[in-house]
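Remember, it's 1-based here, ligands and their atoms both numbered in the order they're listed.
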Amino acid sequence: MLEKFNLSGKTVLITGAAGILGKEHAEALLEVNSSLILTDIDQKKLLNLQDHLYKKYDSKKIHIFKMDVSDPDSVFEVSKKLDNSNIFVDILINNASIDAKFDNGNLPTGTRLENFSLKQWEEEISVGLTGCFLCCKVFGTKMAKSNKNGVIINIASDLSVISPDQRLYLDESLPEDEQKVKPITYSVIKSALVGMTKYLSTYWIDGNVRVNSLSPGGIFNNQDEEFVNRISKLIPLGRMAASDEYRSAIQFLCSDASSYLNGQNIVMDGGRSVW
Ligand SMILES: NC(=O)c1ccc[n+]([C@@H]2O[C@H](COP(=O)([O-])OP(=O)(O)OC[C@H]3O[C@@H](n4cnc5c(N)ncnc54)[C@H](O)[C@@H]3O)[C@@H](O)[C@H]2O)c1
């Protein structure tokens, strides 16, 4: 490993760590010697992940905390516990979101704008956007005060720079008003994260906090074959991403290897957004 990638002595907090990408971020960071604070609203999935990581990596530097990013009390409580244990968050990865997935036809119905409820809007914004704001406020403020080269990575999406292509989800057997769509919240949240990234990248510059976002393209997760064929045609590389293909980007963004990168949105989408 190049020394610039070495995160030995650094601690990374990941939100929504128990999902598909959270596990990959965790493995990527253990590969470069980081200590981890894995947080998620789902305690059971967190325990399974911790167990998996302990078995695979010879590391005792993995803490887990149940934390709901949309609840300020929950975020403050974890922050207080970390303070009490003298654990400092050097790097924050805002990864949690409610991500409506097209897994074997399971993209939720009722996501069409005409039917989209205010409750659902607020719920999704509260996790993907407000959650990022709250974690930045709590952990980013401490990074800036300590002036120890803090890093924040916001996980956005290729849909931060392009509109969802709703034709991907077309089901010929359904009438138009029952077609499934990627919800408006996803685009709004992911675009807003890029804005938050730019804002914070200058706001805490005196405290030496670098802030960037990573915008992954869709990950292959045994989705419906028809869907995979359709989306692959929109991607110059001709395929969806494997879940571990973002690991090197995480290692780069979290470490001194990216020491001159600030305020940017790294779009890693097989070229989909340039076509
Ligand atoms: N999977 C993809 O194809 C893909 C593509 C582009 C971007 N992304 C983005 O990557 C990130 C991770 O995606 P993923 O595929 O791993 O999603 P996932 O659904 O597998 O994982 C999300 C995790 O967030 C947790 N979570 C939900 N609400 C929470 C809350 N209130 N507080 C804390 N945790 C909460 C869930 O329990 C889950 O473990 C998301 O921001 C997603 O939008 C994913």
Side-chain angles (χ1 to χ4, degrees), residues 13-28 37-50 52 64-78 92-103 106-108 120 122-135 138 153-162 164 168 182-183 185-194 196-197 213-223 227-228 231-232 234-235 239-247 249-250 253 265-270 272-273:
L13 187 148
I14 306 173
T15 70
I20 299 171
L21 266 184
K23 171 184 165 289
E24 299 295 339
H25 303 331
E27 297 210 22
I37 303 161
L38 305 176
T39 70
D40 201 286
I41 200 169
D42 188 328
Q43 173 86 5
K44 195 165 166 238
K45 276 193 342 187
L46 268 182
L47 282 164
N48 288 341
L49 175 61
Q50 190 185 38
H52 162 80
I64 57 168
F65 291 97
K66 182 173 179 180
M67 183 172 91
D68 177 352
V69 292
S70 68
D71 174 3
D73 291 342
S74 176
V75 177
F76 284 124
E77 197 185 314
V78 169
L92 167 67
I93 303 183
N94 287 304
N95 173 74
S97 80
I98 296 176
D99 189 2
K101 289 207 173 61
F102 191 90
D103 290 345
N106 284 336
L107 194 69
Q120 195 172 348
E122 286 174 343
E123 213 171 278
E124 293 183 14
I125 298 279
S126 77
V127 177
L129 188 54
T130 312
C132 179
F133 156 71
L134 288 173
C135 290
V138 171
I153 313 295
N154 296 322
I155 304 297
S157 159
D158 53 359
L159 299 186
S160 70
V161 292
I162 55 172
L168 287 172
K182 195 81 173 172
T185 35
Y186 200 75
S187 288
V188 169
I189 289 164
K190 296 309 185 182
S191 306
L193 287 185
V194 174
M196 197 176 331
T197 298
S213 48
L214 175 65
S215 281
I219 295 168
F220 176 70
N221 189 29
N222 296 312
Q223 292 95 334
F227 170 78
V228 175
I231 196 168
S232 297
L234 299 179
I235 302 168
R239 61 176 179 85
M240 299 183 79
S243 61
D244 64 359
E245 285 189 292
Y246 301 107
R247 285 192 191 186
I250 289 294
L253 289 169
N265 179 26
I266 306 300
V267 183
M268 206 168 162
D269 63 352
R272 179 173 170 189
S273 56

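In this structure, S213 and L193 have side chains that are not in contact, with every pair of non-hydrogen atoms separated by 4.5 Å or more. Between D269 and I235, every side-chain heavy-atom pair lies at or beyond the 4.5 Å cut-off. Using a 4.5 Å cut-off on side-chain heavy atoms (C-beta onward), P216 and M268 make no contact. A 4.5 Å side-chain heavy-atom check between S157 and Y186 finds at least one atom pair inside the cut-off. The closest side-chain heavy-atom distance from E24 to I219 is not below 4.5 Å. N265 places a side-chain heavy atom less than 4.5 Å from the side chain of S160.
Residue contacts with ligand 1, taken as heavy atom pairs separated by less than 4.0 Å, involve V69 via backbone and side-chain atoms alike. Only the side chain of K190 comes within 4.0 Å of ligand 1, counting heavy atoms alone; its backbone N, CA, C and O stay farther away. Both the backbone and the side chain of I41 come within 4.0 Å of ligand 1, judged by heavy-atom distances. With a heavy-atom cut-off of 4.0 Å, A156 touches ligand 1 through its backbone alone.
Across N154 and C132, no two heavy atoms sit closer than the pair OD1-SG, 3.2 Å. Contact record, V75 with L134: CG1-O, 4.3 Å, taken as the closest heavy-atom pair.
Considering CD1 of I250 and CG of N95, their distance stands at 7.5 Å, rounded to 0.5 Å.
Considering each of A17, S97, A96, the one bringing a non-hydrogen atom nearest atom 22 (C) of ligand 1 is S97. Of the candidates D68, D158, T15, L134, D68 brings a heavy atom nearest to atom 30 (C) of ligand 1. Among T130, I219, I93, the residue whose heavy atom lies nearest to atom 3 (O) of ligand 1 is I219.
Ion pairing between a basic and an acidic side chain is recognised when a charged N comes within 4.0 Å of a carboxylate O; D99 and K182 show such pairing.
Atom numbering of ligand 1 starts at 1 in the shown order; those under 4.0 Å from a heavy atom of I155 are 9 (C), 10 (O), 11 (C), 41 (O). For ligand 1, the atoms closer than 4.0 angstrom to any heavy atom of N95 are 10 (O), 11 (C), 12 (C), 40 (C), 41 (O). Residue contact check: K45 has heavy atoms under 4.0 Å from atoms 38 (C), 39 (O) of ligand 1. Every atom of ligand 1 is numbered from 1 in the order shown, and the set under 4.0 Å from a heavy atom of M67 is 32 (N), 33 (C).
Taking 4.0 Å as the cut-off, G128 does not count as a neighbour of ligand 1 on heavy-atom distance. Contact between G131 and ligand 1 is absent, with no heavy atom of the residue lying under 4.0 Å from the ligand.
Checked against a 3.5 angstrom limit, the closest N/O atoms of V127 and ligand 1 fall outside it. Backbone and side-chain nitrogen or oxygen atoms of G19 are examined, and one is located within less than 3.5 angstrom of a nitrogen or oxygen of ligand 1. Between G218 and ligand 1, a contact under 3.5 Å exists for no N or O pair.
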